[in-house]
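Just so you know, these numbers come straight off a predicted model, no measurement behind them. A note on names: the letters A, B, ... follow the listed sequences, proteins ahead of strands, and every chain is numbered from 1.
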There are 2 protein chains.
Amino acid sequence: MPATYRDIKTDILGKITRGEWKPGSLIPGELDLAETYGSARATVNRAMRELADEGIIERKRKSGSRVRLTPLRQARFDIPVVRHEIEEQGRSYRYALIRSEVIAAPDWLRARLALAPGDRVRHLVCLHFGDGTPWQHEDRWINLTLLPQAESADFSASGPTEWLMSQIPFSSVEISIAATAADEVLAQHLDCAPGDPLLMTERSTRWNDQTVTYVRLVHRPGHRMTTRY
Amino acid sequence: MPATYRDIKTDILGKITRGEWKPGSLIPGELDLAETYGSARATVNRAMRELADEGIIERKRKSGSRVRLTPLRQARFDIPVVRHEIEEQGRSYRYALIRSEVIAAPDWLRARLALAPGDRVRHLVCLHFGDGTPWQHEDRWINLTLLPQAESADFSASGPTEWLMSQIPFSSVEISIAATAADEVLAQHLDCAPGDPLLMTERSTRWNDQTVTYVRLVHRPGHRMTTRY
DNA sequence: ACCAGTATTTTGTCTGGACTTGACATCGCA
DNA sequence: TGCGATGTCAAGTCCAGACAAAATACTGGT
C-alpha cells in the first residue's frame, strides 16, 4: 500500500498542526521522506511543492525545507460574475440599465486608463437584482480606443460584464476592495440610507498592457465576502 | 531544445488570450500536445494542471480539457500580520493594548465559538500604529476552554496575533470582509469621524474542529486591499 | 426502445531514473 | 588574508513507461 502524494501531504500537514514539526524546524529531505513513505521522490516532491505553494513550508535548494515561522496566510476569494453569484443562491436574477452614454473621458479616468485628451469612453451604470431586491450597483467605463465595438453594443438586455467576457477571453486584472459611504444616488438605487457603509470592489482589466475597462462595483448593504481554508 | 512546462503554460495561455482557442473550445489531448511540444506527457500534464488550478481551463477525464467559458476569476489576497504589513512599507510599528479582561462569553460570542454557558474568554482590544498614526483596531476574543494558557499570557508588549501563532502552528480559518461604520469609540481610536465607512476583516480560527479565537479587525479609513493577476 | 454490462478514451497518478540549477562550503593560490 | 575556482548537496525539472479512475460510447440482449 504505497502512499499517494495526497497521503504524504496530509501526513506532513498533520505533523505540523500537531506541533511535532515546529515552525522554523527543518523537514527531512525528499529522499528521506521518499524512503519513509515508500514512494518515489517525485511523489514526495509534489506533496512538498503543494505545501510550499500554500505557504505552509518554505523550500530552499541546498538548505532543505522548513516549516514557515509565520505561515503565510493567503485567502483566495472567488470574484464571481454577479449573475452566477445570484443564481447559485437559487435567487432570480434581474438586470437593469440605468444610464448609457459615450463621452470624452473625464480627467480622473484618463489618468487611470492612460488615455489621451479627447479619447472617448462608453460609460454605463446598471443595477443587478437578486429576487427583486438590489444586489449590486455597477459603474462601468469602457475604453473605446481599444474596444470600438463597445460603442454599438446593446447593453439593455444583459450586462456589460458578460459582453466583455465574450470580447476579451482572458486578461490580467487589478482588483481592489474598500469601504465607501452611500451617496444620495447610491442610497436610492441600493435601497439604503445616505452615508451607510458599503463594500466596494474596483477592477481594472488590462489587455496587452493597456487598460481596456474600469469598473466600480458597489455591493448591497451588509454584503460580505467570505472564504475559508 | 525541449519545451519546459513553463514554456508550454505560457504558450497555451497565449493561445487563449489571443483568442486562438476560444472559451468553451476543446484543447488537444495531452498526448497530442506532448508531441507538438516535443516533451513528455507528464510535462504537458503539469502545465495543464496548473492552468486548471488557476481557473483558466477545465479538465474532465474522457472528455478532455476545454477553455473555461467564464474564466473563474479568483483573487488571492495576502492576509498579512499587521506588523509585517506596516514594516514592509518602511514604517515604524507601534502596538498599544487598550483593554484586557477575562469574562464569561457574551451570547453572540457563545454562538459563534460554540461555547457552553459560563465558559470564559479572554477579551483584548488593541491598536496597531504605522508611523504613529492608527492603522488597525483589533478586537480579539480567545476561547479559554481550548487555550487556557491565554489567561496568563502578557499582551502588553506585543499583540495577540503573534502570541497565537506561537501556540497554534497551523489551522483552518474563515475570513470575511465587510464594510462597517465607525462608532464613537472606533472613530476616536482610528482618528476619523463617527459614521465613516471602514473596511473590516473578521476571522475565526479553528483547530480540531473547534473555534479557538475570533477577531474583528477594523482598518484605518481609506484602507484598501489590492491584488493583481 | 430500453437497459446493463463492456470497451475505449482521456486525464490522474506513480515509478525510478536522470540531468539542471542555485546556494553554500571549501580549498588553493596570490 | 582575500578571493575566485571547484565541489557538493538539495530542490527543480524532466522523461518514458505504467496502471488507475472516471466518463463516455458502444453493444447485445430483452
Between protein and nucleic acid, restricted to nucleotides 16-22 of chain C and to nitrogen or oxygen atoms under 3.5 Å apart, what atom pairs and distances do you find?
| residue | atom | partner | partner atom | Å |
| --- | --- | --- | --- | --- |
| C/dA18 | N6 | A/Arg41 | NH2 | 3.2 |
| C/dT21 | O2 | A/Arg61 | NE | 3.4 |
| C/dG22 | O4' | A/Arg61 | NH1 | 3.2 |

Mind calculating the distance between NZ (A/Lys9) and P (C/dG12) to the nearest angstrom? 15 Å

Start at the 5' end of DNA chain C and walk down; is the nucleotide closest to A/Arg46 or to B/Gly64 reached first? B/Gly64

Does A/Arg6 put a side-chain nitrogen or oxygen below 4.0 Å from OP1 or OP2 of C/dT13? yes

Given the rule in the side chain to side chain contact (heavy atoms under 4.5 Å, CB included) test, do A/Trp207 and A/Leu147 qualify, once you have shown the distances and angles that lead to the verdict? CA-CA 11 Å; A/Trp207 195 58; A/Leu147 259 188; over 6 Å; no

Expressed as a whole number of angstroms, how long is the span from B/Glu50:CD to D/dT13:C1'? 12 Å

Output the rounded distance in Å from CG (B/Asp53) to P (C/dT11). 15 Å

Less than 4.0 angstrom between a side-chain N/O of B/Asn45 and OP1 or OP2 of C/dG12, yes or no? yes

Looking only at side-chain N and O atoms, does A/Thr43 come under 4.0 Å of OP1 or OP2 in C/dT13? no

Taking only N and O in the side chain of B/Ser65, is any of them less than 4.0 Å away from OP1 or OP2 of C/dT10? no

Can you check whether B/Arg49 has a side-chain N or O nearer than 4.0 Å to OP1 or OP2 of C/dG12? no

Between A/Tyr95 and A/His128, what is the ring plane arrangement, given parallel below 30°, perpendicular above 60°, and tilted in between? tilted

If you apply the rule side chain to side chain contact (heavy atoms under 4.5 Å, CB included), what do you find for B/Glu202 with A/Arg224, and how did you get there? CA-CA 10 Å; B/Glu202 282 177 301; A/Arg224 312 179 142 259; 2.6 Å; yes

Between B/Glu58 and B/Arg66, is the closest basic N to carboxylate O distance under 4.0 Å? no

Could I get a table of every N or O pair under 3.5 Å where one atom is in the protein and the other is in nucleotides 3-6 of chain C?
none

A/Glu138 and its side-chain contact (heavy atoms from CB on, under 4.5 Å) partner, picked from A/Val218, A/Leu124, A/Thr161: A/Thr161

Taken to the nearest whole Å, CG/B/Leu26 to P/C/dT10 is 9 Å

Indicate whether any N or O donor in one side chain lies under 3.5 Å from an N or O acceptor in the other, for A/His219 and A/Thr201. yes

Under 4.0 Å between a Lys/Arg side-chain N and an Asp/Glu carboxylate O for B/Glu88 and B/Arg83? no

Rounded to whole angstrom units, what separation is found between the CD atom of B/Glu58 and the P atom of C/dT10? 18 Å

Whole angstrom value for the distance that separates C1' of C/dT9 from CZ of B/Arg66: 14 Å

Using distance alone, with no hydrogens and no angle criterion, decide if A/Arg91 and A/Tyr93 have a side-chain donor and acceptor under 3.5 Å apart. no

Could you state the CD1-P distance from B/Ile57 to C/dT10, rounded to the nearest angstrom? 15 Å

Can you measure A/Tyr5 atom OH to D/dA20 atom C1' for me and round it to whole angstrom units? 14 Å

Would you call A/Arg49 and A/Asp53 a salt bridge, taking side-chain N to carboxylate O under 4.0 Å as the test? no

Does B/Thr4 make a side-chain N or O approach to OP1 or OP2 of D/dC14 shorter than 4.0 Å? yes

